[in-house]
**Student:** 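Attaching a single structure in structure tokens format; questions to follow.
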There are 2 protein chains.
Amino acid sequence: MYPRKSTAVCTETQQRLLEAAGEVFAAQGFQKTTVREICRRARANVAAVNYHFGDKEGLYAAVLEYAHSHALEKYPLLQTEDEDLPAEQRLGTFIRHVIFSLFDEGAPAWRSKLMAREMIEPTAALDAVVARMIRPTAQRLESIVRAILGAAASDAQVRLCQLSIIGQCLHHRHAQPVIQRLFPQQHYGPEEVKLLADHITRFSCNALKGLARGQ
Amino acid sequence: MYPRKSTAVCTETQQRLLEAAGEVFAAQGFQKTTVREICRRARANVAAVNYHFGDKEGLYAAVLEYAHSHALEKYPLLQTEDEDLPAEQRLGTFIRHVIFSLFDEGAPAWRSKLMAREMIEPTAALDAVVARMIRPTAQRLESIVRAILGAAASDAQVRLCQLSIIGQCLHHRHAQPVIQRLFPQQHYGPEEVKLLADHITRFSCNALKGLARGQ
DNA sequence: TTGACATTAAAACAATTGTTTAATACATAT
DNA sequence: ATATGTATTAAACAATTGTTTTAATGTCAA
């Protein structure tokens with residue numbers, strides 16, 4: 001079997017492999033990426049993946065684990081659970097969080113991109129991703145939506161509204177090849193991303209408040 | 001070179017290959033599907049793809065062409081361009097059209113699924129798909145959105161609203177593996193699909209009317 | 001220094017996949 | 001009936017990819 005260091009401690013090469021793999025997996029998906037490209041980027045030997053992580057799937061799982069342990073350190077979701085703030089404001093914070101991490105081009109930009117990809121091109125690791133990363137986020141959104149819709153709202157309606165909101169956010173990342181061809185004016189720089197988050201917030205707030213009025 | 005029958009006329013095997021390829025491509029994507037599986041399903045020899053369509057990409061292009069030529073025959077979009085009908089009603093028709101074809105489990109169910117996949121896992125054929133299938137649909141939606149938002153709406157706002165609406169629809173197909181794990185209650189039978197279309201219509205109508213009021 | 005152990009490196013292996021070849025069957029026209 | 005061109009088949013080819021093997025290198029304690 002491959003080496004099982006106690007935990008959390010990683011050799012230099014493992015670290016480089018994780019970072020390189022994260023980028024490539026996020027950009028191309030599990031199937032398309034070759035371990036040879038990962039190793040080339042990490043300046044490691046082709047056998048490094050199998051030695052340190054067993055096989056390609058093991059590396060992928062480790063990358064998700066690595067992403068999870070470092071998640072939320074840049075965009076903490078804390079403010080969204082402050083029940084004292086108005087729900088509309090919490091919704092704006094939530095949407096900004098999602099949009100910003102989806103379009104952050106900073107160093108570990110691949111994290112949320114990898115999760116977004118796992119959603120539409122699932123692997124064996126999807127169950128763990130849903131349980132540990134997606135479901136907690138969804139529950140945050142659920143409580144916000146329920147607060148705006150009011151106590152009269154059915155579970156089904158809350159669910160559909162959640163999906164409407166998150167669907168708007170993810171569409172801008174998933175459909176980017178099409179959006180760029182369809183709307184060349186549409187850019188996703190820091191300024192536009194802020195406007196995008198504002199739009200989705202206003203769009204959804206109006207929708208939720210309309211539904212709350214029973215329309 | 002491979003045979004270039006005049007046009008439109010197809011041999012029996014070509015037809016079977018197109019149907020089989022459409023299903024598999026739509027279900028698994030271009031990269032994951034093997035020509036061997038297509039040929040097995042079509043009860044054809046492994047060499048059939050290369051003989052009739054040149055190579056795997058040629059088959060894929062032919063499948064898209066085939067899908068395009070048979071598109072809209074089941075769910076015509078005609079009513080959406082009747083400028084006499086109220087814009088809200090046209091929006092409802094449009095959304096129902098998109099949702100129904102995305103979740104139609106009938107015989108040629110793979111058509112819109114294939115297009116949905118091409119949007120998030122683009123191939124060399126994406127330019128043609130956008131130009132011939134996606135852009136016309138987007139323009140329908142644009143005129144509807146503009147009618148509801150009013151003449152004062154900016155192009156950018158119209159664009160963002162279009163993306164919000166279509167994003168809601170596509171999310172339910174693209175993210176289905178996650179949705180099923182997150183919300184096991186959520187089903188997509190004929191009845192639920194109708195409710196889903198109604199929800200997205202109401203959600204979006206409320207949003208657009210709110211934005212039209214300047215909120 | 002020596003020995004034990006973890007890591008790296010080069011090469012080869014085995015399986016898959018898209019593609020091609022060469023032979024065969026079949027139809028149609030001369 | 002013969003010839004011609006199309007379609008199908010089985011087999012093999014060539015390239016890629018994940019993985020394994022075997023040897024070499026480095027590190028650190030005894």
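Every value quoted in this text rests on a predicted model; they were computed, and no experiment measured them.
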**Student:** Give a yes or no on whether a salt bridge exists between B/Lys113 and B/Glu105, defined as a side-chain N under 4.0 angstrom from a carboxylate O.
**Tutor:**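 Salt bridge present between B/Lys113 and B/Glu105.
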**Student:** To the nearest Å, give me how far apart CD (A/Gln14) and C1' (C/dA6) are.
**Tutor:**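 The distance from CD of A/Gln14 to C1' of C/dA6 comes to 11 Å, rounded to the nearest Å.
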**Student:** Taking only heavy atoms on the protein side, list every residue of residues 30-42 of chain A lying under 4.0 Å from any atom of DNA chain C, sorted numerically.
**Tutor:**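 Contacts with DNA chain C under 4.0 Å: A/Arg36.
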**Student:** Not counting sequence neighbours, list each pair that qualifies as a ring-ring contact (aromatic ring centres under 6.0 Å, His included) and has a residue in residues 113-136 of chain B.
**Tutor:**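 Output for this query is empty, none listed.
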**Student:** Please state whether the phosphate of D/dT8, meaning OP1 or OP2, lies under 4.0 angstrom from any side-chain nitrogen or oxygen of B/Thr13.
**Tutor:**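 For B/Thr13, the contact criterion (side-chain N or O under 4.0 Å from OP1 or OP2 of D/dT8) is met.
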**Student:** Considering only residues two or more places apart or on different chains, which pairs with a residue in residues 120-138 of chain B satisfy salt bridge (Lys or Arg N to Asp or Glu O under 4.0 Å)?
**Tutor:**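 As it turns out, the salt bridge (Lys or Arg N to Asp or Glu O under 4.0 Å) pairs with a partner in residues 120-138 of chain B, which skip direct neighbours, are A/Arg181-B/Asp127, B/Glu65-B/Arg132, B/Arg117-B/Glu121.
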**Student:** Could you list all the salt bridge (Lys or Arg N to Asp or Glu O under 4.0 Å) pairs where at least one residue sits in residues 154-164 of chain B, not counting sequence neighbours?
**Tutor:**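 Only B/Arg146-B/Asp155 qualify under salt bridge (Lys or Arg N to Asp or Glu O under 4.0 Å).
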**Student:** Given C/dA6, is OP1 or OP2 found less than 4.0 Å from the side-chain N or O atoms of A/Thr11?
**Tutor:**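 No, outside the criterion.
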**Student:** Can you give me every donor-acceptor pair (side chain of residues 166-175 of chain B, partner residue at least two apart or in another chain, under 3.5 Å) with its distance?
**Tutor:**
| from | atom 1 | to | atom 2 | distance (Å) |
| --- | --- | --- | --- | --- |
| B/Gln168 | OE1 | A/Ser164 | OG | 2.8 |
| B/Gln168 | NE2 | B/Ser164 | O | 3.3 |
| B/Gln168 | NE2 | B/Ser204 | OG | 3.1 |
| B/His172 | ND1 | B/Tyr188 | OH | 2.8 |
| B/Arg173 | NE | B/Leu102 | O | 2.9 |
| B/Arg173 | NH2 | B/Leu102 | O | 3.0 |
| B/His174 | NE2 | B/Ala116 | O | 3.0 |

**Student:** Which parts of nucleotides 20-26 of chain C does protein reach within less than 4.0 Å, heavy atoms only, written one letter per nucleotide 5' to 3' as B for base, S for sugar-phosphate only and - for none?
**Tutor:** BB-----
**Student:** Go through the structure and list residues passing side chain to side chain contact (heavy atoms under 4.5 Å, CB included) with A/Arg40, not counting sequence neighbours.
**Tutor:** A/Glu37
**Student:** Would you mind reading off the distance between A/Arg43 atom CZ and C/dA9 atom C1', rounded to a whole angstrom?
**Tutor:** 16 Å
**Student:** Rounding to a whole Å, what distance do you find between A/Leu59:CG and D/dT17:P?
**Tutor:** 16 Å
**Student:** Taking only residues two or more places apart in sequence, or in another chain, which ones meet B/Lys56 in a side-chain hydrogen bond (donor to acceptor under 3.5 Å, both in side chains)?
**Tutor:**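 Result, side-chain hydrogen bond (donor to acceptor under 3.5 Å, both in side chains) vs B/Lys56: none returned.
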**Student:** OP1 or OP2 of D/dT8 less than 4.0 angstrom from a side-chain nitrogen or oxygen of B/His52, does that happen here?
**Tutor:**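 So the side-chain polar atoms of B/His52 do come within 4.0 Å of the phosphate oxygens OP1 or OP2 of D/dT8, strictly under.
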**Student:** Nearest whole Å is fine: how far is D/dT17 C1' from A/Gln28 CD?
**Tutor:** 14 Å
**Student:** Any ring-ring contact (aromatic ring centres under 6.0 Å, His included) pairs touching residues 11-46 of chain B, not counting sequence neighbours?
**Tutor:** B/Phe25-B/Phe30, B/Phe25-B/Tyr60, B/Phe30-B/Tyr60
